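Everything on this sheet refers to the single structure shown next.
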4 protein chains.
Amino acid sequence: MLRIQITTGASQPIYRQIVDQVRHAVAAGKVRVGDAMPSVRALATDLVVNPNTIAKAYSALVRDGVIESQQGRGYFIAEPRLIYTHKERKRRLGEVMNPFLAEAISLGFEPQQIIDEVEKRLRKTFSSPEAAPKPKDSAS
Amino acid sequence: MLRIQITTGASQPIYRQIVDQVRHAVAAGKVRVGDAMPSVRALATDLVVNPNTIAKAYSALVRDGVIESQQGRGYFIAEPRLIYTHKERKRRLGEVMNPFLAEAISLGFEPQQIIDEVEKRLRKTFSSPEAAPKPKDSAS
Amino acid sequence: MLRIQITTGASQPIYRQIVDQVRHAVAAGKVRVGDAMPSVRALATDLVVNPNTIAKAYSALVRDGVIESQQGRGYFIAEPRLIYTHKERKRRLGEVMNPFLAEAISLGFEPQQIIDEVEKRLRKTFSSPEAAPKPKDSAS
Amino acid sequence: MLRIQITTGASQPIYRQIVDQVRHAVAAGKVRVGDAMPSVRALATDLVVNPNTIAKAYSALVRDGVIESQQGRGYFIAEPRLIYTHKERKRRLGEVMNPFLAEAISLGFEPQQIIDEVEKRLRKTFSSPEAAPKPKDSAS
DNA sequence: GTGGTCTAGACCACT
DNA sequence: GTGGTCTAGACCACC
């Protein structure tokens, strides 16, 4: 079952923490296509946040094709698919990479250390390689 | 001499672009301890932005210990200080790395592609690799 | 200047009406790249709706690359760009076309009449052809 | 015989899919006035859905005058009735056409492409064009 | 002044 | 029960 945890008062907004954790779980193959997400109200109660905050996180996941909503039934893990063009994906990658590298560098990390940490984290996430299905690249 | 460039209309605020570039330049060894920063007015004129914006960027850099002000003389690159413990630095690195990786993964990038892009970007930033001085405890 | 009008109590939610009108205006070349959108609060006051409703509409426009936000400055018309893959665009087109055709048919319209009405509406929107710049198809 | 197919996991609720398909079939002339609908239980078994879902779809169709119930016999295709005036029908058509065109345009489709896709979809629906009976005031 | 996030609580439609 | 929309009002960061 998908376990989500948040820390209030962090620099990252709550809805963003939720989005990232769900994405990670999906990418790591911890959930399967069709699995039900916790209901908006249930997760809100569980995390002690407002249902609207959960709804915002789920909306973001829907727009990126990670989950799908079924009116009156709930949210479910979606079939993976490539939504964005190659160019757009590169653009978005750069947009999140730059602040990350700037922060990493200002923390005093060497370039090689940063690469090592990224590799280490990625290996941990993809510990069971076959679990995470890749979207077909049929649309380039 | 420290060259700063900004792009208006970007999602990142101007003062943030300046802060990041100065941090980058320091980390990349493009400037040395004691080097003078451009004066607030000069840089404001040069970049065609409000002097308050420059002042704000410099304040943030002073707060972070990157530069120091000398009354009546201007701002100068400060002696690097390492505030955080090794553990704290790792924790902070993880905090900014997770959102980045979550975005990268959900954009459909392979682990190796992500590492490649990070390396490429770091190489671009550190064009003269041997110029970057190591902060005292950066190893271990 | 971009004029937005809404009708409350319609089947279409308010935020959707706003989104559609802005898209239309952009596609028809009634606004230019870089033009400022009405501020969230100003439009909310103008339309007598809650600022959150405007914010939701603007967020949807941002995620589709129609507008961009600049913290503390406002929202602005974005440079047009192709965000979605060919496949994803076709999928989304189908998703909105099916309900439209089902409704049109159940209203008793003949296929040819539907096509005629669509053409008529499109001609009206694109009355000044060169006004609407096309995004470059560089990313397929 | 009226063939109904559903896809579970779609954004559109099941009962809506049924309603739309029946309307389509009627408009396309695939069924005639007086034709019997599949019984609620039979269709429920066939589609492997809850009978209540079928009942709800049929109720909606009865409300819209598409089918009629005959106590103890079942549901039958109703005599077409045209409720709306010409002007009202045009207004309603515009109401559903606008969101569709807004989405299509902002997805980057050219006017001609949109028309082509609409035509293609309509041809698929109306595979036997001459079979479609004209409602009385469909002209003008 | 601007946008960004979050809460509390309401009403609606769908299953 | 589920999600979808909207309101009212708060606090924060940025310019």
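Everything numeric here is computed off the predicted structure, so don't read it as measured data. All heavy atoms count here, side chains included; hydrogens, waters and symmetry mates do not. Here is the naming used below: chain letters follow the sequence lines, and residue numbers restart at 1 for every chain.
When rounded to the nearest whole Å, the span between CZ of A/R73 and C1' of F/dG4 equals 17 Å. Distance CD (C/Q70) to P (E/dG4): 11 Å, rounded to an integer number of Å. In this entry the distance linking CD1 of A/I54 with P of E/dA8 reads 13 Å, nearest Å. Whole-Å rounding puts the C/Y58 OH to E/dT5 C1' distance at 18 Å. Distance CZ (A/R41) to C1' (E/dG9): 12 Å, rounded to an integer number of Å.
Looking at residues 43-52 of chain A, you'll see A/N52 sit with a heavy atom under 4.0 Å from some atom of DNA chain F. The stretch residues 9-25 of chain A touches DNA chain E through A/P13, A/I14, A/Y15, each having a heavy atom within less than 4.0 Å of the strand.
When the salt bridge (Lys or Arg N to Asp or Glu O under 4.0 Å) test is applied to C/R92, the partners found at least two apart in sequence or on another chain are C/E88. Residues passing the ring-ring contact (aromatic ring centres under 6.0 Å, His included) test with A/F100, sequence neighbours excluded: B/F100. Listed by chain and number, the residues in a ring-ring contact (aromatic ring centres under 6.0 Å, His included) with D/Y15 amount to none (sequence neighbours excluded). Residues forming a salt bridge (Lys or Arg N to Asp or Glu O under 4.0 Å) with B/R41 (at least two apart in sequence, or on another chain): none. The side chain to side chain contact (heavy atoms under 4.5 Å, CB included) check on C/F76 picks up C/A36, C/Q70, C/R73, with sequence neighbours excluded. Looking at residues two or more places apart in sequence or on another chain, you find a side-chain hydrogen bond (donor to acceptor under 3.5 Å, both in side chains) between A/D64 and A/R23, A/Y84. Under the rule for a salt bridge (Lys or Arg N to Asp or Glu O under 4.0 Å), D/E68 has no partner lying at least two apart in sequence or in another chain.
In this structure, B/L107 and B/E103 have side chains that are in contact, with non-hydrogen atoms separated by less than 4.5 Å. Within the 4.5 Å cutoff, no side-chain heavy atoms of C/Y75 are placed close to those of C/L61.
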Please tabulate, for side-chain N and O atoms in residues 1-12 of chain C, each donor-acceptor pair with protein atoms closer than 3.5 Å (sequence neighbours left out).
unit_1 : atom_1 : unit_2 : atom_2 : d
C/Q12  : NE2    : C/D20  : OD2    : 2.8

In a table with atom names and distances, give each donor-acceptor pair under 3.5 Å that connects a side chain of residues 50-57 of chain C to protein atoms at least two apart or in another chain.
unit_1 : atom_1 : unit_2 : atom_2 : d
C/N50  : OD1    : C/N52  : N      : 2.7

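Under 4.0 angstrom from either OP1 or OP2 of E/dG3 there lies no side-chain N or O belonging to C/S69.
Among the heavy atoms of the strands lying under 4.0 Å from A/Y75 are primed sugar atoms or P, OP1, OP2 only; no base atom is included.
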- Item | Dot-bracket summary - DNA chain E, pairs being Watson-Crick or G-U whose distances fall under 3.5 Å, with | when paired to another strand | ||||||||||||||.
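When the nearest nucleotides of DNA chain F are assigned to A/M37 and C/T53 by heavy-atom distance, the more 5′-ward of the two goes with A/M37.
The side chain of B/K56 lies closest to F/dC15, out of E/dG3, F/dG3, F/dC15.
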